[in-house]
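Everything on this sheet refers to the single structure shown next.
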There are 2 protein chains.
Amino acid sequence: MNETKKKVSILLDKKINETVRILADFVQYPSLAGYEKEAQEFIAKEMKLASLDVDLWEPTIEDTYINPTFLTTVDIFSGSPNVVGTFKGTGGGKSMILNGHVDVVPVNDSDWDKSPWSGAYEDGRIYGRGASDMKGGLVSHLMAIKAIAESGIKLKGDVYLQSVIGEETGGIGTLSAISRGYCADGAIISEPTDLVICPVSMGAMWFRIFVKGRAAHAGTSEFGVNAISKMCLVIGALNEFNDFRSKNTRHPLYKNILNPFNINVGAVRGGSFPTSVPDEIYIEGRMAISPDEEVEEARTALENAVMEAATNDEWLVTMPPQVEWYGFCLSPGGISLEHPLVNTVKSNCLSLGLSETVISGTPWGTDAGALIKYANTPTIVFGPGPGSTAHQANEYIDVQKVIEASKVIACTLLDWCDYEKL
Amino acid sequence: MNETKKKVSILLDKKINETVRILADFVQYPSLAGYEKEAQEFIAKEMKLASLDVDLWEPTIEDTYINPTFLTTVDIFSGSPNVVGTFKGTGGGKSMILNGHVDVVPVNDSDWDKSPWSGAYEDGRIYGRGASDMKGGLVSHLMAIKAIAESGIKLKGDVYLQSVIGEETGGIGTLSAISRGYCADGAIISEPTDLVICPVSMGAMWFRIFVKGRAAHAGTSEFGVNAISKMCLVIGALNEFNDFRSKNTRHPLYKNILNPFNINVGAVRGGSFPTSVPDEIYIEGRMAISPDEEVEEARTALENAVMEAATNDEWLVTMPPQVEWYGFCLSPGGISLEHPLVNTVKSNCLSLGLSETVISGTPWGTDAGALIKYANTPTIVFGPGPGSTAHQANEYIDVQKVIEASKVIACTLLDWCDYEKL
């Protein structure tokens, strides 16, 4: 490790209190979907303090048109601005996007030991919704840039620090940044990978399946068709299709996961009265797809599996199940394991003493697919948060991991963007 | 038909306007469960005008203890009085209970062409919730007694006109009347049988089945157990059990019905989020049982069928489904086809020219089981309403049928209770 990297790393160690202060404050803004504004104004202010040029704007639904498979449940994003801070280089170096989402998933207050918005710092951890997923990652990016700037180092390539909305609901924020013109020679998304380097991201998308029956009084059930029983046939077909995929849809970076690209039936609602034959039911679920699959082909495969089950049933063949894709669809994507971005991050992890540098695929969808596909920007996912606490009660992140991630990012920027040697 | 019967019948024909007035007024009281008081005060007033001795009281949950299989969701019945009007005989004759329930099932206003509480009289029909099920039946009873009284006929046996609450929610009203001491040599319940004589009633009861899984993020579904898929196994077992019953549980008075004592899964709720492996699900359903079955044995048979399915599944065997009986349980019951009560009603139907006198079992549960079992009172179900409009929007009853039923009831009372010949 050269002297410049050492200097930046030492500075980052010294910045532990500042890291805690910024992250704790950031977590205290309850930036649930639709309520990101105050958190974004906070991070924009911190970017300005670090001398970044700040671009803050509200996405529009038109920004998503670059991705024809995008789905949304909301059409207006007032109160949900995106923020990009540009750390301008002197020229001649490669550019980098550092991307993280500011939106957090809902909380069930009663499951938490203290307020989900406490940002409490205890035993080296910051607690709160979003601490791991992924304000901790965003702060690791910010601190990396601050440490470089405060060390008086001038990067040659530009760095774009992106705090985006809407990742948890399908990726509007990153698509909007792409539509606004942001692209780079590389990108790192600091989702909670436990410092595992992920050159590929799976895709994930939600579906609903509706089945109709025929209503009747239970006393004359022979005049009815029970929609619940018919849905059991569809669920059976989905389970068979899932088994088929677990054997046939594989990817080398997911070889340790039993069934990475699975189909999960997550919710069911049907019928309303014990004494009536139910005529309506729907299920909601998630289909995960391989980095090598396309969204459209995966959708068609699931639809075909459902329709095949229908053709074997007298009723369903005349009243076929309706498959709807809704609310959430993150494209899969990936880059080669040999890509220079992977190697740069990997070598910096090694020289910073992160003992086992693991390469894997993300166990969930991310914005990487969009950056790769629609911004033509090679992207990896690498962040400090523990994935196990994401979306859970008592979510936390180890501050020491945030600082380690900052060091890796800072050293990677020095390599990737290059800098003016004094 | 003797002169006395003829006289009463002719009087009932003349009473058409009075019948319409009383029934139309009665229907206008929205006597939903918990809101029966005004309707009961109205019918009590009409009973007093007919010179009946009126007993009005509020049931208590203790009144139901005579039936150990009774289930309720409400423990307090203030605002829901029972009414019994006694038409005292001169002595020496057989007594009769004329029973009907005043409570009506909920309405969905928007499905109705006019207000469900209009009591509108059009084209010979009275429209409104409860017109058929079963205020029309109650009024047919009242008019029969009025016609006998106004004809100056003195019955020897006592007649008890019962307007009870709570039939639609499991039969608290009739159980309370029994606990208060009301019993007789016979009883007729005027549920909407389309003037079909029903010496037997099926039983009906509601169940819930809970299945637990194990929650997990969909991305690591191998750590979870999908409760929805497990419930499909339980539903499959219920369907098999239902098929078995349709072949093996038969009754001669239900021979024309494909599967009278069926199991209907009416509703399902499970899981909450597409990206989570669901850990909870429940179904709600109704089990109908034969007049020859006992509630407890039928419950056990269903529970056994569910548990048998569980023993064939690795997960369910350790985390067995929970079966709960809730909210509604009407005991089955019946009397012999050769019972004098059946013959008396039948012969009066014939002599009044009701061309096809059909004998059948009720296609739903009624209070007959309770009267037979707990009041030791032989009971049939026979009433003027069309069953097809019960519980439906635009429920109605033909006033002419109400008058025909009144005639049958009046003639039956003359035979059954006997009367002082002048």
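Because only heavy atoms are used, hydrogens play no part in the values below, and waters and symmetry mates are left out as well, while side chains stay in.
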Most contact-rich option vs chain A, by heavy-atom pairs under 4.5 angstrom, among S272(B), P363(B), G327(B), G365(B), is S272(B)
List in chain and number order the residues that pass salt bridge (charged side-chain N to carboxylate O under 4.0 Å, His left out) with E167(A), two or more places apart in sequence or in another chain; answer none if no residue qualifies. none
What residue, out of A204(A), G285(A), G224(A), P260(A), has the most heavy-atom pairs lying under 4.5 Å from chain B? G285(A)
Gap separating the NE2 atom of H217(A) from the CD atom of Q392(B), nearest 0.5 angstrom: 8.5 Å
Would you say CD of E324(B) has more than 12 non-hydrogen atoms from neighbouring residues, nucleotides or ligands within 6.0 angstrom? yes
Apply side chain to side chain contact (heavy atoms under 4.5 Å, CB included) to the pair I257(A) and E222(B), showing each step before the final yes or no. CA-CA 9 Å; I257(A) 304 182; E222(B) 65 269 29; 3.9 Å; yes
Spell out, as yes or no, whether a donor-acceptor pair under 3.5 Å connects the side chain of N264(B) to the backbone of P274(A). yes
Please classify the contact of F223(A) with chain B as side chain, backbone, both or neither, using a heavy-atom distance under 4.5 Å. neither
Which atom names give the shortest non-hydrogen contact between G271(B) and A267(A), and what distance separates them? C-CB, 3.8 Å
Of all the residues in residues 227-243 of chain B, which have a heavy atom that comes within less than 4.5 Å of a heavy atom in chain A? I228(B), S229(B), C232(B), I235(B), N239(B)
For S221(A), is there any backbone N or O sitting under 3.5 Å from a side-chain donor or acceptor partner on N259(B)? no
Among residues 275-284 of chain B, which ones touch chain A with a heavy-atom distance under 4.5 Å? T275(B), S276(B), V277(B), P278(B), I281(B), E284(B)
Which pairs with one or both residues in residues 249-274 of chain A pass salt bridge (charged side-chain N to carboxylate O under 4.0 Å, His left out), sequence neighbours excluded? none
Given the options G219(A), A218(A), A288(A), A390(A), which has more heavy-atom pairs under 4.5 Å with chain B than any of the others? A218(A)
